[in-house]
Amino acid sequence: MPTIMITGAAGFIGGHVAREAERRGGLSLRLMSHRRPPAGAAAAGPATAGPDPATAGPGPSPGSGFGHGHGHGPGAVVPGHRTVRADLSDPGSLRGVCEGVDVLLHCASQIGGTPEANEAVNARGTAALMAEARRAGVSRVVYLSTASVYGRGAFRAARPEDLVRNPGSPTSGSRAHAEDAVLAAGGVVLRPHLVLGDGDRWVVPGLARILRALPGTVEGWAARTSVITAQDLARLLLGAGLAPAGDLTASVYHAAHPVPVTVRSLLGAVAAVAGPAADPAAEDLTAVRARELLAARGIAAQGLDMLTSDHWFDSDPVWRDLRCTPGPDFEAAFKELAEGYRRALLDI
């Protein structure tokens, strides 16, 4: 029975990974959390105080108008599995956390906050964690990164080997440094773009705010973007951790549903769950005018860059290498998520 440690296990993506691992069975789980223990897990290991390194998924940096970061975990049900309390910003608290671990799934990141906090958690914290993983003889490390390390597009069926990282924020820059530490340790990096699902407090709520602030559509709504559900992303992370080494043909993968979604379709789905205020009128706005309107409402307009140009990343290799079948397409997947989002959006 392999032992898998999941960092950020109380967060958005980490919680989904813990639930997927429990569903799969036959695994011994060690759940590393700073913020709070996952539901049903027995506390063990070092406890630390200090600022919370956000345990959440990847995505556009805060201030982009939408994106995701400090999402709440889906309430992973993991009775009987060990919880380790440790703080990535305190390397001393990491001592011994990887002892007996076969696979490390690193899903914890600082999203937003000061540049110093991002550097402490994402860059230096990940480097310290990799040192512990090497010392303990961990056989596989998988890091949950973000396509935001590329900066802004356009990207069309883009492959990692054809792109140059150009992070545009302290969060994305520090996560690129985290990637370097993982790759230097022989690990694997997954880069999703937009992640949807139970616990999302950034993507769909952020899109709803933009829709409610604009009196119509914006030129470029036909752009295509890559999305993935948190459940599918959890399957890929766990699969990358457990796959035979010979099956992996790359060290960096894009993680998305293979079929991109038009921004118009994405926003239409969000409008349907966000209520009448989000229903766009017939007016077609220029991007410049849309930015002016958002600024007048106090909403950061950088998110429009991601809605008016293609952000489509080729993810076929990860599905092929892991012998995984993608889940339902966007339309079917969002129908399953709609009621949860409808309830969540009542708060914004």
Side-chain angles (χ1 to χ4, degrees), residues 1-11 13-15 17-18 21 27-38 41-58 76 78 81-111 116-146 171 173-190 237-238 240-243 245 248 251-252:
M1 180 182 293
T3 296
I4 297 179
M5 186 166 81
I6 304 167
T7 71
I13 305 303
V17 174
L27 302 169
S28 174
L29 299 186
R30 187 177 304 179
L31 309 177
M32 178 175 147
S33 175
H34 173 71
R35 180 168 54 199
R36 61 188 182 279
T48 61
D52 179 15
T55 49
V78 285
H81 295 295
R82 179 184 176 191
T83 295
V84 175
R85 303 300 300 277
D87 185 344
L88 286 168
S89 67
D90 177 11
S93 74
L94 301 175
R95 185 70 177 174
V97 296
C98 294
E99 292 293 341
V101 170
D102 300 298
V103 176
L104 169 59
L105 304 180
H106 184 21
C107 302
S109 292
Q110 170 78 28
I111 311 295
E116 293 76 16
N118 280 272
E119 185 70 16
V121 173
N122 298 336
R124 294 197 299 274
T126 296
L129 185 62
M130 291 306 99
E132 279 298 308
R134 286 194 298 268
R135 191 184 66 79
V138 174
S139 60
R140 175 73 53 79
V141 176
V142 181
Y143 175 53
L144 176 62
S145 186
T146 168
T171 294
S174 62
R175 295 181 82 178
H177 290 311
E179 288 188 354
D180 293 339
V182 170
L183 293 171
V188 177
V189 170
L190 266 57
L237 285 159
L238 193 60
L242 296 173
L248 301 177
S251 55
V252 179

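Note that these values count all heavy atoms, side chains included, but never hydrogens, waters or copies made by symmetry.
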Do the non-hydrogen side-chain atoms of [X] and [Y] ever get within less than 4.5 Å of each other?
| X | Y | answer |
| --- | --- | --- |
| V189 | S251 | no |
| M130 | R134 | yes |
| V138 | E132 | no |
| L88 | M32 | yes |
| T3 | R82 | no |
| L237 | I6 | no |

Can you tell me how far apart CD1 (I4) and CG (L104) are? Round to the nearest 0.5 Å.
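With rounding to 0.5 Å, CD1 (I4) is 10.0 Å from CG (L104).
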* **NE2-CZ distance between H177 and R124, expressed to the nearest 0.5 angstrom** =>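 If I round to the nearest 0.5 Å, the distance is 10.5 Å.
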Nearest non-hydrogen partners of [X] and [Y], listed with the distance:
| X | Y | answer |
| --- | --- | --- |
| T171 | N122 | O-ND2, 4.0 Å |
| L238 | A21 | CD2-CA, 3.7 Å |
| A136 | C98 | CB-O, 3.3 Å |
| A18 | L29 | O-CD1, 3.9 Å |
| L248 | A240 | CD1-O, 4.2 Å |
| G241 | L105 | CA-CD2, 4.1 Å |

* Asked: Any chance the side chains of S139 and D102 put a donor and an acceptor closer than 3.5 Å?
  -> no
| field | Criterion side chain to side chain contact (heavy atoms under 4.5 Å, CB included) on L27 and L242, from CA distance to verdict | value | CA-CA 10 Å; L27 302 169; L242 296 173; 4.2 Å; yes
N/O donor-acceptor pair under 3.5 Å between [X] side chain and [Y] backbone:
| X | Y | result |
| --- | --- | --- |
| R30 | E99 | yes |
| S93 | D87 | yes |
| R140 | A243 | yes |

Checking L94, L144, L129 against T7 for side chain to side chain contact (heavy atoms under 4.5 Å, CB included), the one that qualifies is L129
From the list R175, E179, H106, side chain to side chain donor-acceptor pair (under 3.5 Å) partner of S145 resolves to E179
